[in-house]
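All residue numbers in this chain count up from 1 along the given sequence.
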Amino acid sequence: AIQSDTHGEGTNLGEAVQEQAYLFNQRLILQAGIRYSRNTTESFNRRTSVAGTPPTRSSWTPRYGAVYRFTNDFSLYVSRSETFRPIFNVNPDGTTFKPIESEQDEIGVKVEGLSGKVSAVIAYYDRTDLNTLINDPVPAKASLGYRIQIPGDQQKGYELDLSVAPVGGLQFMFGASKIKAQALSGLLTANVPTRPRNPLPVRPQGADARRREIIRRRIHAKGRRQVA
C-alpha cells in the first residue's frame, strides 16, 4: 500500500563576488570572496492535502586564502571557506529540512622537483558541518524513507597528494588521508566515520573542490596569472 505521496520543490538564488591580488613580485597571492544565498522550499502531501511552506532562509558565506611562494618549488597556503547548501528533498509526511552549513580551515604546503615532474601537496584541515542529514534512527520510519537532522559533525585530518609525470603525456597520481570525525551531539551515527584511512586520493566536493583546485593551480602557475 502507498504510505505517502509527497511533492517537494524549491529555489536557490546565489550571487558571488571574488577578488585576487598579487604582491611582492607575485610571490604572495591573496584571494577573498563572498556569496549570498537565498533558499525557499515547499512541499505538498497529496494524501493529506497538507502543504508545508517553511520560512525563506538566506546566508552570507565568505571565503578567503593566501599563497606564498618561498621559491619556485616550495609554497605555503592557508584558506577558510564557508558554504550554505539547501536540501530540496522532503520527508514522506512533507516536512522539510534546514540547509546544511559548513566551515573549513585549511593549511598546506606544495613541493615540486625535477623541473615539475614530481609534486606533492600536504594539507591539514578542520571542517564542521551543521544540520547533517541522516536516516531516521527508528528502523520502521527509516524503511519508509524518513530522515532527521542532527546538530552536525566535525572532521579533522591530513591529506597527501603526490603527482609523478616521468614523461610527457604520462602522469601518475597517488593520495592518502587520515581523518578523525565525530558527531557534535556526542553520539555515533552510521553516516559519520570515526577514524577512516583511505589509500586513494581524497577530493572535496562542490564549491570546496573548486576552491582547492583554484588555489593549487595558483601555486603551480609560478607567478603567472591564470583563470581557472
Side-chain angles (χ1 to χ4, degrees), residues 4-21 29-46 48-66 77-107 125-137 141 145-156 181-187 189 191-192 203-218 227-228:
S4 65
D5 185 4
T6 303
H7 172 75
E9 62 180 36
T11 60
N12 187 48
L13 171 66
E15 299 179 353
V17 61
Q18 179 173 293
E19 183 59 35
Q20 190 162 282
I29 304 173
L30 302 177
Q31 186 181 76
I34 190 167
R35 176 185 176 90
Y36 173 74
S37 300
R38 183 175 182 272
N39 164 244
T40 60
T41 305
E42 296 180 354
S43 67
F44 181 72
N45 190 322
R46 296 187 179 97
T48 62
S49 297
V50 175
T53 55
T56 299
R57 297 183 176 94
S58 63
S59 177
W60 292 91
T61 51
R63 64 179 184 179
Y64 43 88
Y77 75 89
V78 293
S79 66
R80 176 178 175 81
S81 65
E82 299 179 13
T83 60
F84 177 85
R85 292 175 289 158
I87 301 175
F88 296 120
N89 294 332
V90 298
N91 269 329
D93 62 0
T95 56
T96 58
F97 302 102
K98 298 178 181 179
I100 297 175
E101 300 181 45
S102 302
E103 299 178 353
Q104 178 165 313
D105 296 301
E106 183 174 338
I107 183 170
Y125 68 92
D126 184 343
R127 178 184 180 90
T128 300
D129 291 321
L130 303 178
N131 304 322
T132 303
L133 190 66
I134 65 171
N135 290 333
D136 195 297
K141 297 188 68 175
Y146 280 87
R147 290 174 292 177
I148 65 170
Q149 286 184 300
I150 60 174
D153 58 86
Q154 184 178 42
Q155 301 178 27
K156 299 180 180 181
Q182 65 179 11
L184 297 181
S185 63
L187 301 176
T189 68
N191 291 356
V192 181
R203 294 287 183 268
Q205 301 297 318
D208 290 335
R210 187 172 187 275
R211 173 191 56 76
R212 183 177 297 181
E213 193 63 29
I214 287 175
I215 209 163
R216 288 183 179 173
R217 288 180 186 178
R218 305 297 183 201
V227 178

J.: Looking at CD of Glu82 and CD of Glu101, how far apart are the two atoms once the value is rounded to the nearest 0.5 Å?
T.: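 It comes to 9.0 Å.
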
J.: Provide the closest heavy-atom pair for Gly152 versus Thr132 in the form atom of the first, atom of the second, distance.
T.: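 Reported closest heavy-atom pair: CA-OG1, 3.4 Å.
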
J.: Would you check if Asp153 and Asp129 make a side-chain contact, meaning some heavy-atom pair closer than 4.5 Å?
T.: yes

J.: Sequence neighbours left out, what passes side chain to side chain contact (heavy atoms under 4.5 Å, CB included) with Thr128? Give chain and number order.
T.: Asp126, Leu130, Gln154, Leu184

J.: Using the side chain to side chain donor-acceptor pair (under 3.5 Å) criterion, which residues pair with Glu103? Sequence neighbours excluded.
T.: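 Per chain and number, Glu103 pairs via side chain to side chain donor-acceptor pair (under 3.5 Å) with Arg80.
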
J.: State, to 0.1 Å, how close Ala181 and Gln155 come at their nearest heavy-atom pair, and which atoms those are.
T.: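 Heavy atoms of Ala181 and Gln155 come nearest at CB-CG, 3.8 Å.
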
J.: Under the side chain to side chain donor-acceptor pair (under 3.5 Å) rule, collect the residues that match up with Ser37, sequence neighbours excluded.
T.: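 Ser37: side chain to side chain donor-acceptor pair (under 3.5 Å) contacts with Arg35.
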
J.: How many angstroms lie between atom CD of Gln149 and atom CD1 of Ile134, to the nearest 0.5 angstrom?
T.: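 Between Gln149 CD and Ile134 CD1, I get 10.0 Å after rounding to 0.5 Å.
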
J.: At what distance, to the nearest 0.5 angstrom, does OG of Ser81 lie from CG of Asp105?
T.: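 Separation between the atoms: 8.0 Å.
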
J.: State, to 0.1 Å, how close Phe84 and Pro99 come at their nearest heavy-atom pair, and which atoms those are.
T.: CZ-CG, 3.5 Å

J.: Give me the atom names and distance for the closest heavy-atom approach of Gly145 to Asn91.
T.: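 Answer, listing the atom of Gly145 first, then Asn91: O-OD1, 3.8 Å.
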
J.: Would you name the heavy atoms of Asn135 and Ile148 that are closest together and state the gap between them?
T.: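 The pair with the smallest heavy-atom distance is O-CG1, 4.3 Å.
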
J.: Residues in side chain to side chain donor-acceptor pair (under 3.5 Å) with Ser59, at least two apart?
T.: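 With neighbours one apart ignored, the set is empty.
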
J.: Among residues at least two apart in sequence or on other chains, which ones pass side chain to side chain donor-acceptor pair (under 3.5 Å) with Arg147?
T.: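 Counting only residues at least two positions away or on another chain, Arg147 forms no side chain to side chain donor-acceptor pair (under 3.5 Å).
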
J.: Begin with the C-alpha distance, continue with both residues' side-chain angles, and end with the deciding distance and a verdict on side chain to side chain donor-acceptor pair (under 3.5 Å) for Glu106 and Gln104.
T.: CA-CA 7 Å; Glu106 183 174 338; Gln104 178 165 313; 3.2 Å; yes

J.: Apply side chain to side chain contact (heavy atoms under 4.5 Å, CB included) to Ile100 and list each qualifying residue two or more places apart in sequence or on a separate chain.
T.: Arg85, Ile87, Ser102

J.: Any chance you could lay out the side chain to side chain contact (heavy atoms under 4.5 Å, CB included) test for Trp60 and Ile34, step after step, and finish with the verdict?
T.: CA-CA 7 Å; Trp60 292 91; Ile34 190 167; 3.8 Å; yes

